[in-house]
Amino acid sequence: MENIIIQKVVEAIQLLYNENIESKLVQPQKTKKEFTGDLTVVVFPFIKASKKSPEQTAQEIGEYLLKNVEQIEDFNVVKGFLNLSISADYWLEAFQKINTDASFGFAPTSGKTYMVEYSSPNTNKPLHLGHLRNVFLGYAVANILKANGHEVFKTQIINDRGIHICKSMIAWQKFGNGETPQSSGIKGDHLVGKYYVEFDKEQKKEAQKKFDSWKNNHFSTTNPEIIEQYKEGIQDVKEEKISQEDFDKKFFEIAMNRTELHREAREMLRKWEEGDEKVVNLWKKMNGWVYEGFDVTYKTMGVDFDELYYESDTYILGKDVVEKGLEKGVFYQKPDGSIWCDLSAEKMDDKLLLRADGTSVYMTQDIGTAIERYKKHQNLSGLIYTVGNEQNHHFKVLFTILKKLGYAWADGCYHLSYGMIELPEGKMKSREGTVVDADDLMYSIVQDAKSMTQERGHIEGMSEGERENLYSTIGLGGLKYFLLKVDPKKGMVFDPKESIDLNGNTGPFIQYAYARIQSLLAKATQLGYSKSFATVETNDKEIGLIKLLNDYPVVINEAGSLYSPAILCNYIFALVQEFNNFYQTVDILREEDKNKLAFRLQLAENVGKVIKSGMSLLGINVPNKM
RNA sequence: GGCCCGCUAGCUCAGUUGGAUAGAGCAACUGCCCUCUAAGCAGUAGGUCUCAGGUUCGAAUCCUGAGCGGGUCACCA
């Protein structure tokens, strides 16, 4: 419809004023609620061509459109705004198409393939609230891309090696007494996380002892540098060059790095890299526990992956590429032998790619892994990394380097960056135990949903299993919607003391509307009402719903190209608001005109269809009763 | 300090190439269950869109500067 109008407006200006204007200048938009009409054309851009007042220009163009576009049946002019009314027949016809299209809103196959990476956890602790946002976001974006006709591979890279997991391993060896998930009844990832925390606690104790003895001028260390530094530090504090707080922080950190525990963890990492059998076996065992735990969490979350990558496999990648890059002159070498990428042209600091001793850094393996993925999936149109915005700079550098290396596909790489979730008192700190655990949060929100549902739900006649199922549908739906409705780029505050709101603009609000529709349809079937209708007289609430339904394909497209499930959330919410208004002001089953009744049933059915479809793209289920 | 991002109602957020009187939800107040599910609907109140300039028919939106908040600039991952 928009296209027809654009074309006809250009035509009108050509005929009326003998001027050619760019079709870009014609921007039909939805008419605001307080005015009558469906589409509005702003005529200000045309007054240069018409050389007449905005009002008169709008009037003349309006008359032309009324005569020459059959779907337009009326128009009105307010200042420079030309409001056009589209005929009900046009909307009814559009509705027929929606009604008969089983995969309404979804684009035909595009032939493109995308890879979406999300989650990518460390294996030394369980998933937390930040992962929930990450995973729900990545999963929803993957679904939305599929709905846009693309083939999608969902993937994660599991950070299964490194100093962090060694810490858990050391602590378990020292204090674990052979504890296992089976023996303790603790979920595997939580058990490993418990020892990570244990390690930190013990290390802090040891560091504190060391630090205290320094304060008393007892230096057990054989390293005279530390003593010297410390004494200088004290002097600086006296001269107020640094604050006591900064001094404490700095030397506590130094003490931490000089603890026996820290040395042991480093040593274990070294042994792991050598392939020491004992260490590798312990590593496999404890990672195994973590994976069992993650599986349960992912299952509760209702997400999955098509392809897994492990850092223990990929951390070696990239070295040869960097060396080749050096030969080709893309990178340069410093006198100490380290290899760097010059990014001054891009106004960024130079980036280290290989240390002087030839070992790699994070960036090195990211380069290698990206190349690996494009080798494995030829024709990949895009690679989407769902990673927090603290790594914005990292990805900017990564994509720039890939491009410098001559990989044209680097343009298809996209960092799906999202804002951090903060608690009312600030950032979550795993060391301070303020992290909101994913399993705990999901459990408690389902409990909330349970008590709310028992209070006001329509659960009579449901089996115990069906009820439990409903509680988790509502609870998790609420949680997912809560995390997805905010623009990914923005940070958000989460207060664990207040449970997530399940009224208003929420998942359950939408689920409730869906359940009402299903109940309505069931009752209609029971009463033997038909859903087929001839042409009917419509009211503006009905047309309003059709207009919104008609937007669904555009919304999917937009949500896909902007990688934003939030756009879809807002759309579904608006649709439900409109439907609730319709539902509460227009009779459906009580309607005496059976033709109208049938039409309204079918309208409700299609609203339900779109709600279900949209919610499923978000990874949210909808219940038939609640 | 350099670079990046954010700032819209008391709170949480919409507002996509600049368009009409800036919109929702929560919280507050007022109405509505005659069983089409009140987890709902209708209404009231709440705003110098952080501030100051600029661009033009027209700015929350674009430009410049300032303020506040966050991130990053690691031979950490």
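Source: prediction; values computed, not measured. What's counted below: heavy atoms across the whole structure, side chains too, no hydrogens, waters or symmetry copies.
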Heavy-atom count around E34(A) CD within 6.0 Å, excluding the residue itself: above 12?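 Buried by this count: over 12 neighbours within 6.0 Å.
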
For K594(A), does the NZ atom sit with more than 12 other heavy atoms under 6.0 Å from it, leaving out its own atoms?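 Enclosed: over 12 neighbouring heavy atoms sit under 6.0 Å from NZ of K594(A).
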
Looking at every strand, decide which applies to [X] at a 4.0 Å heavy-atom threshold: base, sugar-phosphate, or nothing.
X       : value
G419(A) : nothing
N124(A) : nothing
K485(A) : nothing
M626(A) : base
D448(A) : nothing
D501(A) : sugar-phosphate
D487(A) : sugar-phosphate
D350(A) : nothing
V586(A) : base
I474(A) : base
T453(A) : base

Got a donor-acceptor pair under 3.5 Å from the side chain of [X] to the base of [N]?
X       : N       : result
T506(A) : rA39(B) : no
N570(A) : rC13(B) : no
Q391(A) : rU72(B) : no
N580(A) : rA39(B) : no

W340(A) ring centre to K351(A) NZ or CZ under 6.0 Å, with the angle to the axis within 45°?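 Cation-pi check for K351(A) and W340(A): fails.
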
Sidechain N-carboxylate O distance under 4.0 Å for [X], [Y]:
X       : Y       : answer
R270(A) : E267(A) : yes
K547(A) : E578(A) : no
K30(A)  : D551(A) : yes

Which of the following nucleotides, [options], is nearest to the side chain of [X]?
X       : options                   : result
R355(A) : rA77(B), rC41(B), rA39(B) : rA77(B)
D587(A) : rU17(B), rC36(B), rC75(B) : rC36(B)
V42(A)  : rG19(B), rA39(B), rC75(B) : rG19(B)
E390(A) : rC41(B), rG71(B), rC75(B) : rG71(B)
T40(A)  : rU72(B), rA39(B), rA20(B) : rA20(B)
W340(A) : rC75(B), rA39(B), rC36(B) : rC75(B)
Q577(A) : rG25(B), rA39(B), rA20(B) : rG25(B)
Y362(A) : rA20(B), rA77(B), rC13(B) : rA77(B)

So does R161(A) get a side-chain nitrogen or oxygen closer than 4.0 Å to the phosphate oxygens (OP1/OP2) of rC76(B)?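 Checking rC76(B) against R161(A), no side-chain N or O comes under 4.0 Å of OP1 or OP2.
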
Between N389(A) and rG71(B), is there a side-chain N or O to OP1/OP2 distance below 4.0 Å?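 For rG71(B), OP1/OP2 do not have a side-chain N/O of N389(A) under 4.0 Å.
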
[X]: partners by side-chain hydrogen bond (donor to acceptor under 3.5 Å, both in side chains), with sequence neighbours left out:
X       : value
K51(A)  : E19(A)
E591(A) : R600(A)
T473(A) : none
Y418(A) : N134(A)

Hey, can you pull the residues of residues 43-53 of chain A with a non-hydrogen atom under 4.0 angstrom from RNA chain B?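 Heavy-atom cutoff 4.0 Å gives F44(A), P45(A).
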
Go through the steps for W283(A) and Y310(A) under the test ring pair (Phe, Tyr, Trp, His ring centres under 6.0 Å), then give the verdict. CA-CA 13 Å; W283(A) 172 76; Y310(A) 294 89; 8.8 Å; no

Checking E2(A) now: which residues fulfil salt bridge (charged side-chain N to carboxylate O under 4.0 Å, His left out) with it, not counting sequence neighbours?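 Salt bridge (charged side-chain N to carboxylate O under 4.0 Å, His left out) list for E2(A), sorted by chain: empty.
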
Of all the heavy-atom pairs spanning S360(A) and Y315(A), show the shortest one and how long it is.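 That would be OG-O, 3.5 Å.
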
Nearest heavy-atom neighbours spanning I500(A) and G478(A):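 Taking every non-hydrogen atom into account, CG2-O, 4.3 Å.
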
Determine the Euclidean distance between corresponding C1' atoms of rA60(B) and rC51(B); express it in Å to zero decimal places.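 About 14 Å, rounded to a whole number of Å.
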
Grab the stems for RNA chain B, please: at least three consecutive Watson-Crick or wobble pairs, both distances below 3.5 Å, written as range with range.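 Expected stems, ordered by start: B:1-7 with B:67-73, B:10-13 with B:23-26, B:28-32 with B:40-44, B:50-54 with B:62-66.
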
Are the ring of Y583(A) and the six-membered base ring of rC41(B) within the stacking cut-offs of under 5.5 Å and under 30°?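 No, aromatic ring not over the base.
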
Less than 5.5 Å between centroids and less than 30° between ring planes, does F573(A) satisfy that with rA24(B)?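 It does not: the ring fails the test against the base of rA24(B).
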
Contact string for nucleotides 29-34 of chain B, one letter per nucleotide 5' to 3', B = base within protein heavy-atom range under 4.0 Å, S = sugar-phosphate only, - = neither, reads ------

Nucleotide N/O of nucleotides 7-9 of chain B paired with protein N/O under 3.5 Å:
residue, atom, partner, partner atom, Å
rC7(B), OP1, K490(A), NZ, 3.4

Quick check: do K625(A) and S519(A) have side-chain heavy atoms less than 4.5 Å from each other?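 Side chain of K625(A) against side chain of S519(A), heavy atoms only: no contact under 4.5 Å found.
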
If you pin V78(A) and V576(A) to their nearest nucleotides in RNA chain B, which one's is more 5'?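 On the 5' side of the pair lies V78(A).
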
5' priority, RNA chain B, between L352(A) and T31(A) [closest heavy atom]: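 The residue closer to the strand's 5' end, by nearest nucleotide, is T31(A).
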
Hey, what's the ring geometry for Y563(A) with Y414(A), parallel, tilted or perpendicular (30° and 60° as the breaks)?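 Because their plane-to-plane angle is under 30°, the rings of Y563(A) and Y414(A) count as parallel.
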
Show the distances under 3.5 angstrom between N or O atoms of the protein and N or O atoms of nucleotides 21-23 of chain B.
residue, atom, partner, partner atom, Å
rU21(B), OP1, K79(A), NZ, 3.4

Pairs in or reaching into residues 568-577 of chain A: which pass side chain to side chain donor-acceptor pair (under 3.5 Å), with residues at least two apart or in two chains?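 Pairs touching residues 568-577 of chain A that pass the test: none.
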
Between rG40(B) (C1') and M452(A) (CE): distance, integer Å: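 Roughly 12 Å, once rounded to whole Å.
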
I would like to know whether Y385(A) and Y118(A) meet ring pair (Phe, Tyr, Trp, His ring centres under 6.0 Å); could you show each step before the answer? CA-CA 7 Å; Y385(A) 295 87; Y118(A) 53 94; over 10 Å; no

Syn or anti for rC63(B), taking syn as within 90° of 0?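 That one's anti.
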
Ring pair (Phe, Tyr, Trp, His ring centres under 6.0 Å) pairs, two or more places apart, involving residues 342-370 of chain A: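 Qualifying pairs: Y362(A)-H394(A).
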
Could you check whether F81(A) and F35(A) have their ring centres less than 6.0 Å apart?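 No, the ring centres sit 6.0 Å or more apart.
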
